[in-house]
Protein chains: 2
Amino acid sequence: MYTLAEENYLKAIYKLSMVAKNVSTNQIAAELATKASSVTDMLRKLAEKLLINYTRYQGVSLTQTGEKVAVNIIRRHRLWEYFLVEKLNFKWDEVHEMAEEMEHISSTELIDRLDEFMGFPTRDPHGDPIPDSQGNFKQNDLKPISAVDINACGIISGVRDHSSAFLQYLEKKQLTIGKKITVKEIITYDNTVILQMDNKDLQISRDVANNLLIAL
Amino acid sequence: MYTLAEENYLKAIYKLSMVAKNVSTNQIAAELATKASSVTDMLRKLAEKLLINYTRYQGVSLTQTGEKVAVNIIRRHRLWEYFLVEKLNFKWDEVHEMAEEMEHISSTELIDRLDEFMGFPTRDPHGDPIPDSQGNFKQNDLKPISAVDINACGIISGVRDHSSAFLQYLEKKQLTIGKKITVKEIITYDNTVILQMDNKDLQISRDVANNLLIAL
DNA sequence: TTATATTTTTAGACAAGCCTAAAAATTTAA
DNA sequence: TTAAATTTTTAGGCTTGTCTAAAAATATAA
Ligand SMILES: [Mn+2]
Ligand SMILES: [Mn+2]
Ligand SMILES: [Mn+2]
Ligand SMILES: [Mn+2]
């Protein structure tokens with residue numbers, strides 16, 4: 001239905017739309033590691049196909065159709081990530097690149113059967129919600145550890161940085177999805193955070209605290 | 001590593017090489033539903049990359065590298081077909097088109113884990129052998145029913161025609177992989193074949209007999 | 001063995017998706 | 001409010017993979 005490039009642009013615009021409703025050419029170029037001029041070319045094509053709202057120099061937003069397509073790509077991405085971790089025993093830091101390819105397999109019937117085969121999971125290995133076959137999903141209501149009050153207690157439920165390096169670091173520190181933690185102290189000098197987990201104290205940097213999300 | 005188009009050309013050349021070692025431009029064009037001029041263009045590129053042996057007007061054959069690549073694509077295709085049938089409960093006539101897309105997912109680690117997950121199957125849903133991770137597989141030694149002697153007895157083990165229409169027909173007649181049959185009679189006038197299966201007589205046309213393979 | 005038919009290649013063009021360099025529009029700063 | 005900086009678009013070009021039409025090579029038939 002849509003080309004690989006079109007799907008990747010729609011996904012990038014969707015992702016950037018989470019932060020600000022109107023997305024700029026340069027933001028898209030950065031997200032896709034391409035050039036602004038290439039982005040402009042594609043934006044004209046996507047607007048032509050009624051997948052985005054676009055007026056020159058004004059940035060873009062997804063149309064309803066565009067958003068539906070984007071959510072469907074995300075559904076496929078996250079279901080394949082779940083499959084790779086739960087069925088093929090990959091680690092959570094190994095699956096993103098493979099899912100980037102697999103998300104473009106087009107059959108709806110295939111993805112619905114895969115969903116059923118795995119028991120209709122609702123979260124991917126990184127804690128992100130998996131849209132159902134209708135495209136419905138509840139957005140996570142999570143906060144970065146750096147933004148919660150002292151003595152707040154919660155469950156590690158997601159990450160902001162999906163890089164292998166970050167995920168491997170978390171794995172090593174046992175800071176994985178589902179773990180219960182308490183924020184003991186935030187050192188004002190450099191925003192280092194002291195956590196309690198499994199009755200032990202643990203120190204994480206400001207950067208890590210910014211990228212690790214908990215449900216209170 | 002290789003583009004979608006390159007992989008499809010290599011697979012087509014491999015398939016056509018089964019019949020005759022030197023493959024013609026027109027044969028490839030027909031197999032890929034494209035034009036002879038497009039094939040010539042691609043053949044120059046594949047020769048440049050040392051994937052095929054090509055001299056103008058003389059047809060092509062795969063180099064060792066080219067064959068290795070082709071066998072690997074076939075491994076991926078057949079493993080995904082097996083997955084779709086055995087794990088996602090698709091019927092054998094529904095999986096080919098999906099596998100045509102999935103065979104291009106590049107990760108070797110992924111396909112090896114998938115292989116392990118399914119218990120290292122040796123045949124795909126259509127009876128074709130699945131190459132192992134080293135690319136080794138034993139070619140089927142099968143005969144079309146139309147080519148065996150009267151009173152020969154064997155196991156249905158493969159098909160020559162992979163079309164949905166043919167597979168659905170076989171399904172309806174219960175002529176599926178693993179069934180034991182005996183060739184009772186071949187009517188000389190139109191080569192209609194009378195089989196015995198499950199103690200019942202069954203009549204199939206010359207075309208069906210040509211495309212249904214048995215192991216004696 | 002020469003003429004004809006068929007196959008294959010070449011020539012030239014096009015769409016998709018990308019690039020660099022330059023121009024135009026917008027934003028920010030003086 | 002004008003000047004400078006930044007962002008975005010346009011212009012022109014490149015690669016991949018495709019096409020049609022015409023030319024060249026090969027195969028077949030008289
Ligand atoms: Mn991912
Ligand atoms: Mn994920
Ligand atoms: Mn197949
Ligand atoms: Mn098959």
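Proteins get letters first, then strands, A, B, ... in listed order; numbering begins at 1 in each.
- The OH atom of B:Tyr2 sits 14 Å away from the P atom of D:dG17 (whole-angstrom rounding).
- Two residues, A:Lys49 and A:Arg56, neighbour DNA chain C, and the one matched to the more 5' nucleotide by heavy-atom proximity is A:Lys49.
- The 5' end of DNA chain C is approached more closely, in terms of each residue's nearest nucleotide, by A:Lys45 than by the other of A:Lys45 and A:Tyr57.
- Taking the six-membered ring for Trp, B:His96 and B:His126 have ring centres at least 6.0 Å apart.
- A donor-acceptor pair under 3.5 Å is absent between the side-chain atoms of A:Glu86 and the main chain of A:Phe83, judged by distance alone.
- Distance CG (A:Leu4) to C1' (D:dG17): 15 Å, rounded to an integer number of Å.
- Between B:Thr40 and C:dT10, a side-chain N or O to OP1/OP2 separation shorter than 4.0 Å is absent.
- If you check every strand for non-hydrogen atoms under 4.0 Å, B:Thr34 touches sugar and phosphate atoms only.
- A:Ala5 comes within 4.0 angstrom of sugar-phosphate atoms only, judged by non-hydrogen atoms across all strands, and of no base.
- Distance alone, capped at 3.5 Å, places no donor-acceptor pair between the A:Thr34 side chain and the A:Ala30 backbone.
- Residue A:Tyr54 places at least one side-chain N or O closer than 4.0 Å to OP1 or OP2 of D:dT9.
- Counting non-hydrogen atoms under 4.0 angstrom, B:Thr25 reaches the backbone sugars and phosphates but no base.
- In this structure, a donor-acceptor pair under 3.5 Å is absent between the side chains of A:Glu171 and A:Thr176.
- Contacts of B:Ser38 with the nucleic acid, taken as non-hydrogen atoms under 4.0 Å apart, include base atoms.
- We find that CE of B:Met42 is positioned 4 Å from P of D:dG17, with the value rounded to whole Å.
- One can place CG of B:Asp41 at 17 Å from P of D:dA21, the figure rounded to the nearest angstrom.
- OP1 and OP2 of C:dA16 both lie 4.0 Å or more from every side-chain N or O belonging to A:Thr3.
- At whole-Å resolution of the value, CD in A:Gln27 and P in D:dT7 are 11 Å apart.
- Put simply, the side chain of A:Ser24 and the base of D:dT7 share no donor and acceptor less than 3.5 Å apart.
- Atom CD in B:Gln58 sits roughly 19 Å away from atom P in D:dA24 (whole-Å rounding).
- We find that CG of A:Asn22 is positioned 14 Å from C1' of D:dT8, with the value rounded to whole Å.
- Of all heavy-atom pairs spanning B:Leu62 and B:Ala70, the tightest one is CD1-CB, 4.2 Å.
- Here C:dT9 presents its C1' atom at 11 Å from CG of B:Asn26, a figure rounded to the nearest Å.
- Between A:Lys35 and C:dT20 there is a side-chain N or O to OP1 or OP2 distance below 4.0 Å.
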